Amino acid sequence: MFQVLDITQKDLIAIKVDGNITKNDYDKITPLIEKSVEKFGKIKFYVQLDNVKSITPTAFREDLKTYVKHFDDIDKIAVVGENAWQKLWSNLATPFVSGAVEYFSHEDITEARNWIID
């Protein structure tokens, strides 16, 4: 499930990902992404991964479609995670965006938020 976080502002979209990820999550967040790209051109993502259990194949496809569609629109992505597979997952996004992708552990959440806001 995606939850939009309160640090979302202007060109920054911040979400918390928790539990199971489905295509419905992307159906909810995609309009926000589209609106932000239209308004600001380049956008930033802050993604906080908490207790992620699974991602459905259709959700995975939507994730890739979003990155490909907005390849040049993403300035940078901060991913905050809990374990090695989440770090690997964040590294998989790197070829699909023109901007920087950085992974941070939960202990470094303040650093991640400062990095994405700068």
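All values below come from the heavy atoms of this structure, side chains included, with hydrogens, waters and symmetry mates left out. Here the structure is a predicted model, which is why all the values come from computation and not from measurement.
Here the side chain of Glu111 pairs no donor or acceptor atom with the backbone of Phe104 at under 3.5 angstrom.
Contact record, Thr56 with Lys23: OG1-N, 4.0 Å, taken as the closest heavy-atom pair. The minimum heavy-atom distance linking Phe2 with Asp25 is given by the pair N-OD1, 3.2 Å. A pairwise comparison of heavy atoms in Ser98 and Asp72 identifies OG-CA, 3.5 Å as the closest pair. Listed here is the closest heavy atom pair of Asp118 and Lys44: O-NZ, 3.8 Å. The minimum heavy-atom distance linking Ala78 with Ala112 is given by the pair CB-O, 4.1 Å.
A salt bridge does not link Lys35 with Glu38: every distance from a Lys NZ or Arg NE/NH1/NH2 to an Asp or Glu carboxylate oxygen is 4.0 Å or more.
The line from CG of Asp27 to OG1 of Thr22 is 8.0 Å long, rounded to the nearest 0.5 Å. One finds the NZ atom of Lys28 at 12.0 Å from the CD1 atom of Ile15 (value rounded to the nearest 0.5 Å). Between Met1 atom CE and Ile21 atom CD1 the span is 11.0 Å, to the nearest 0.5 Å. From Asp18, atom CG reaches atom CD of Gln48 across 9.5 Å, with rounding to the nearest 0.5 Å. Summarising the geometry, atom CD1 belonging to Ile117 is positioned 11.0 Å from atom NZ belonging to Lys10; distances are rounded to the nearest 0.5 Å. Atom CG in Asp50 sits 5.0 Å away from atom NZ in Lys16 (nearest 0.5 Å).
In the hydrophobic clustering of this structure, Ile43 does not group with Tyr46; members are Ile, Leu, Val, Met, Phe, Trp, Tyr whose side-chain heavy atoms approach within less than 4.5 Å, directly or through other members. Hydrophobic cluster membership is shared by Val52 and Ile13, with clusters built from Ile, Leu, Val, Met, Phe, Trp and Tyr side chains linked at under 4.5 angstrom. Residues Tyr26 and Ile74 share a single hydrophobic cluster, defined by chaining ILVMFWY side chains whose heavy atoms lie under 4.5 Å apart. In terms of hydrophobic clustering, with Ile, Leu, Val, Met, Phe, Trp and Tyr side chains grouped at heavy-atom distances under 4.5 Å, Leu5 and Val17 are assigned to different clusters. Hydrophobic clustering, with ILVMFWY side chains joined whenever heavy atoms are under 4.5 angstrom apart, groups Val101 together with Phe60.
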**Study point:** side-chain contact (heavy atoms from CB on, under 4.5 Å) between Arg113 and Ile109, worked out
**Key:** CA-CA 6 Å; Arg113 288 181 178 207; Ile109 200 166; 4.1 Å; yes
Practice item. Assess whether side-chain contact (heavy atoms from CB on, under 4.5 Å) is satisfied between Val80 and Leu49, documenting all intermediate values. Key: CA-CA 6 Å; Val80 177; Leu49 304 171; over 6 Å; no
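Applying the side chain to side chain contact (heavy atoms under 4.5 Å, CB included) test between Phe45 and each of Ile77, Asp75, Leu12 identifies Ile77 as the sole match.
Under the 3.5 Å distance criterion, with hydrogens and angles disregarded, a donor-acceptor pair is assigned to the side chains of Glu34 and His70. In this structure, a donor-acceptor pair under 3.5 Å is absent between the side chains of Thr66 and Asp63.
Contact annotation: the side chain of Leu32 approaches that of Val4 to within less than 4.5 Å [non-hydrogen atoms, C-beta and beyond].
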